[in-house]
Structures are given as C-alpha cells and as structure tokens.
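We number each residue from 1, following the sequence as shown. Just so you know, these numbers use all the heavy atoms, side chains as well, and skip hydrogens, waters and symmetry mates.
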Amino acid sequence: MRSLVSVLAALAAPAVLMTAPPVAAQPPPPPPGGECNYPNCTPGIQPNVVLGSYCANTTYYAFGVTDWGRLVFCGSPRRYEPRWFRSPEMHGVKNLGDLCPSLDGQMAQAPDGLILTCIAKGNRSYWERSDASVGGGNPPPQ
C-alpha cells in the first residue's frame, strides 16, 4: 500500500508544478502621474510575434515584440489584411493631441491602448490616431 501511495504522489507532483500560473511577462503600468517614455513600461505589448505574420487589431494595443526583441506594430497598408511590421521608434504612453516636437513619424500608445503617430501639421507636431488617414482631419485646438 505504501508503494502505491508513493507512486501516486510521484505522478501528481509534476501535474501540480505544470499548473502553476506563469510569471507575468509585461511590466506593470507606470504609477499614476508617472511618465512612460519607452516600450518597456507600455502595457499590452504582445510577446512572441512573428514579423510579417497576420494580426487582428490595428487600432488598440497594436504593439508586439518578436522573440529576439524587435518592436513591431499591427498595421494595414493600403487596406490589405493587417500584418506585423517593424515599428518606428516608440515613445511609451502619450495622450492624443499632446505636442510631440521633433518626433514626426514616430509612435506611442494612448493610456486606453489606442496606437498613436506623431504628425506635423500647421507648424505643430502632435499625437494623432495612427489609423486616421494621413493628412486628414483637423489638429486639436491650441
């Protein structure tokens, strides 16, 4: 009987170890009022993305990282099916409409996960939705 109990215990031990919750891969969001200027403090970045593979969401939480550390984003050029592309420089979490001098064409993420691009228009550079048409819309009020 003792050998049966020890065999069952030996079989159950790996199952307990395998069901342990995984360690969180994402860093915690910045503290309230804290500033996030880099991808490593940006929440919602998808791990283990394959560059060039298909993706689903080009609007919210659309950043990922490859297994070798390359930052990518989910985009749909010319309305084709969305794929993962190499990301321009990413500046963490920013607010839609905030100024972004000398960062034209670079990217960020809004606190709600909206993907942003810094665009220059009307002698100003500001964070705009990345899924907005290029040159379309009006800049936010000054």
Side-chain angles (χ1 to χ4, degrees), residues 3-142:
S3 63
L4 179 60
V5 171
S6 60
V7 168
L8 290 175
L11 291 174
V16 170
L17 293 175
M18 293 172 73
T19 59
V23 176
Q26 296 292 328
E35 207 171 316
C36 174
N37 294 313
Y38 302 99
N40 66 349
C41 59
T42 305
I45 294 181
Q46 182 177 333
N48 302 317
V49 168
V50 176
L51 185 64
S53 65
Y54 293 106
C55 54
N57 193 341
T58 61
T59 306
Y60 289 91
Y61 297 104
F63 286 102
V65 67
T66 63
D67 59 356
W68 72 89
R70 171 62 124 162
L71 185 68
V72 294
F73 74 99
C74 181
S76 178
R78 297 182 291 282
R79 304 288 184 215
Y80 289 115
E81 194 165 353
R83 293 181 184 255
W84 290 106
F85 293 93
R86 292 179 294 179
S87 177
E89 192 168 336
M90 198 271 202
H91 294 275
V93 179
K94 302 297 175 201
N95 293 312
L96 180 67
D98 281 358
L99 297 179
C100 52
S102 70
L103 299 178
D104 299 346
Q106 296 179 23
M107 300 179 93
Q109 179 176 289
D112 65 354
L114 180 66
I115 187 170
L116 304 173
T117 301
C118 182
I119 65 166
K121 190 171 183 182
N123 296 325
R124 296 180 33 219
S125 294
Y126 57 93
W127 293 110
E128 178 61 81
R129 293 178 64 117
S130 287
D131 60 352
S133 63
V134 176
N138 294 316
Q142 292 183 4

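In this structure, Ile45 and Leu71 approach most closely via the heavy-atom pair CD1-CD1, 4.3 Å. In terms of heavy atoms, Ala110 sits closest to Leu116 at N-CD1, 3.8 Å. For the residue pair Trp84 and Cys55, the shortest heavy atom distance occurs at NE1-CB, 3.3 Å. Nearest heavy-atom pair, Arg129 versus Leu96, reported as atom, atom and distance to 0.1 Å: N-CD1, 3.7 Å. Nearest heavy-atom pair, Leu114 versus Asp112, reported as atom, atom and distance to 0.1 Å: N-OD1, 3.1 Å. Across all their heavy atoms, Pro88 and Phe73 have their closest contact at CD-CE2, 3.9 Å.
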Take Asp131 and Thr59 through the side chain to side chain donor-acceptor pair (under 3.5 Å) test and state the conclusion after the steps. CA-CA 6 Å; Asp131 60 352; Thr59 306; 3.2 Å; yes

Stepwise side chain to side chain contact (heavy atoms under 4.5 Å, CB included) test for Ile115 and Phe63: CA-CA 8 Å; Ile115 187 170; Phe63 286 102; 3.7 Å; yes

Run the side chain to side chain contact (heavy atoms under 4.5 Å, CB included) test on Ile119 and Tyr126 for me, step by step, so that the C-alpha distance in whole Å, both residues' side-chain angles and the decisive distance to 0.1 Å come before the verdict. CA-CA 6 Å; Ile119 65 166; Tyr126 57 93; 3.4 Å; yes

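Partner of Pro39 under the side-chain contact (heavy atoms from CB on, under 4.5 Å) criterion, chosen from Glu89, Met107, Gln109, Met90: Met90.
Within the model, atoms CH2 of Trp127 and CD of Gln106 stand 6.5 Å from one another, a figure rounded to the nearest 0.5 Å. Here the NE2-OG1 distance, from His91 to Thr42, works out to 11.0 Å after rounding to the nearest 0.5 Å. Taking SG of Cys118 as the start and CG of Leu99 as the end, the distance is 9.0 Å to the nearest 0.5 Å.
With hydrogens and angles disregarded, a donor-acceptor distance shorter than 3.5 Å links the side chain of Ser130 to the backbone of Thr117.
Counting heavy atoms from C-beta outward, Pro43 and Val93 have side chains that approach closer than 4.5 Å. Using a 4.5 Å heavy-atom threshold, the side chains of Arg70 and Val65 count as separate. Side chains of Asn37 and Lys94 form a contact here, defined as non-hydrogen atoms less than 4.5 Å apart.
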